[in-house]
There are 2 protein chains.
Amino acid sequence: MEVKLPTFDSVFSIDCVIFGFEAGELKILLIERNEEPFKDWLALPGYIVEQDESIDDAAERILYELTGLRDLHMQQFHTFGEVNRHPQGRVITVAYYALIRINGQKELRPVTQFARKAFWHPVNELPKLAFDHSEIFNTGFSKIRRRLNYQPIAFELLPEKFTLTQLQSLYEAILNKKLDKRNFRKKMLSFGFLKELDEKQKGVSYRAAKLYKFDKRKYAKIFHNDMSIEK
Amino acid sequence: MEVKLPTFDSVFSIDCVIFGFEAGELKILLIERNEEPFKDWLALPGYIVEQDESIDDAAERILYELTGLRDLHMQQFHTFGEVNRHPQGRVITVAYYALIRINGQKELRPVTQFARKAFWHPVNELPKLAFDHSEIFNTGFSKIRRRLNYQPIAFELLPEKFTLTQLQSLYEAILNKKLDKRNFRKKMLSFGFLKELDEKQKGVSYRAAKLYKFDKRKYAKIFHNDMSIEK
DNA sequence: AGATAGTGTGTGAAAATTACACCATTAAAT
DNA sequence: ATTTAATGGTGTAATTTTCACACACTATCT
């Protein structure tokens, strides 16, 4: 009964596409590799899965080790399994994405020697990346663009308190198109999950904008099941 | 320079959720296992990936070996990587789905001894399945339900020539809700990718319905980029 | 006091969605 | 020949959603 499974002489890894938003620009997290192959190249944070950890756990651990970032909600979006992805052998990779607030405080500090450094890079004008990481990035970017239409993922990229203009410019950055201000506000507010605060922006040299919060509880109530579908 | 990659002492596999539509019912393809563990249990068609084949190729091969079916367009939809999914060791599984016309002609005939037989089973009242296959099925089913809203996947389940009533009842089976006949027809026809044929249904004991075809070329023209998104 | 930069607001037209019911056609049964 | 059972096929009005569009207000800086 205790049959031993055949083993698979290959490597199983994780790559992470981590989106952030800063200064009106959408960015992703890259590392500078400190190991062959592709030493000195820029790459997505990624590494090998251990045998006794789930892939979700591995994704968290690996991102932490390479960038110092923790406790993000990462979601897998695709698995890359072509035969010749890696110059040294068969590697199968599950790609994850997350969206987070870029936060000056949280320093990006790799805790392994495998990455020399980690930093944010605008998604426009990405340089060539190691392996097939450009393809992985593109796949991930299309996924979140689509997901933006039916999931409240944008709020994970903004500070807790944000203005409607910030929210709009984030949508514009992800969708890569201009939106109409009045229609955007009307629609966002009509969802009913934005909570208007009694606070205003500070330190700006123009009329201060109202601040809003994303109200998870209301969101959950409103969209208990799904958003779309007609009769 | 030629660093050997560490090997991963684990198994990498594929499971397939194959949807078909027959007699007004949505069905999936199951096999009866002929090997431990879970010998004699019902399961999704699935097996181990070889080292020199891509995961997409593996999915095709495995489905063929277990069921005799070939040349479907399978798409991966999720990777299952919990540590204790398999009683005998670490197994990571990429799950694929496909939608196909069930066709009496094409016999389901496993070509390996690993499956005793393969057969279609209605998605309602699925029995307990081996491993975590029930969870895999559920995940896949939600995916296609969502994808139905923005991709023309339903046509893959119908014969080449179909009636609008058949199309509607398929939508109803997937979405698990009744739709309004007039609105459904109006909407479907308004897309402009259904080609009305000069033919009618035969062999029915009531008024014969017009037959339609899905016109891929027109579909591609109309939806070159994407369907949704507002301004 | 004036320049600057971004905030905040409403309406009307067009399009899409929804609700809703009856006659037409065919084959089989009588 | 007539009836029955089953499904095919069609239109309209009310409602909701989407879209296009422009200007006055406020805070700060000089």
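Residue numbering restarts at 1 for every chain, and letters A, B, ... go by the order of the sequence lines. The figures that follow rest on heavy atoms only: side chains count, while hydrogens, waters and symmetry mates do not.
Aromatic ring pairs are classed by plane angle as parallel below 30°, tilted from 30° to 60° and perpendicular above 60°; the pair A:Phe162 and A:Phe155 is tilted.
Whole-Å rounding puts the A:Leu179 CG to D:dT18 C1' distance at 13 Å. Between B:Leu167 atom CG and D:dG9 atom P the separation is 13 Å, expressed in whole Å. Computed from coordinates, the A:Gln201 CD to C:dG6 P distance equals 10 Å when rounded to whole Å. Computed from coordinates, the B:Asn183 CG to D:dT16 C1' distance equals 14 Å when rounded to whole Å. Look at NZ on B:Lys200: it is 15 Å from P on C:dA24, rounded to the nearest Å. Distance, B:Leu211 CG to D:dG9 C1': 14 Å, rounded to whole Å. Remark: P of C:dT9 and CZ of A:Phe184 are 15 Å apart, rounded to the nearest angstrom. One atom, CG of B:Asp180, and another, P of D:dG11, lie 15 Å apart when rounded to the nearest Å.
No side-chain heavy atom of B:Pro110 sits under 4.5 Å from any side-chain heavy atom of B:Glu65. Within the 4.5 Å cutoff, the side chain of B:Phe214 has heavy atoms near those of the B:Lys216 side chain. Counting heavy atoms from C-beta outward, A:Ile18 and A:Ile28 have side chains that stay 4.5 Å or more apart.
Minimum atom distance to the side chain of B:Ser205 is reached by C:dA27, of the listed D:dC29, C:dA27, C:dC20. Relative to the side chain of A:Tyr206, the nucleotides D:dG11, D:dA27, C:dA24 differ in distance, and D:dA27 lies closest. Of the listed nucleotides (C:dT18, D:dG8, C:dT11), D:dG8 has the atom at the smallest distance from the side chain of B:Arg185. Set against D:dG8, D:dC21, C:dG6, the side chain of B:Thr163 has D:dG8 as its closest nucleotide. You'll find that the side chain of A:Ala209 is closest to C:dG8, out of D:dT28, C:dT9, C:dG8. Among C:dA24, D:dC19, C:dG8, the nucleotide with an atom closest to any side-chain atom of A:Arg207 is C:dG8.
A:Lys187 has no side-chain polar atom (N or O) that falls below the 4.0 Å cut-off from OP1 or OP2 of D:dT17. When the side-chain nitrogen and oxygen atoms of A:Thr165 are compared with OP1 and OP2 of C:dT7, one or more of them lie within a distance under 4.0 Å. An OP1 or OP2 oxygen of C:dG10 is reached within less than 4.0 angstrom by no side-chain nitrogen or oxygen of A:Lys186.
Within the nucleic acid shown, A:Lys181 comes within 4.0 Å of at least one base atom, counting heavy atoms only. Across all strands, B:Ser190 comes closer than 4.0 Å to no nucleic acid atom at all (heavy-atom distances).
Under the salt bridge (Lys or Arg N to Asp or Glu O under 4.0 Å) test applied with A:Glu196, the options A:Lys210, A:Arg185, A:Lys213 reduce to a single match, A:Lys210.
Mapping A:Val204 and A:Arg182 onto DNA chain D via the closest heavy atom, the residue that lands nearer the 5' end is A:Arg182.
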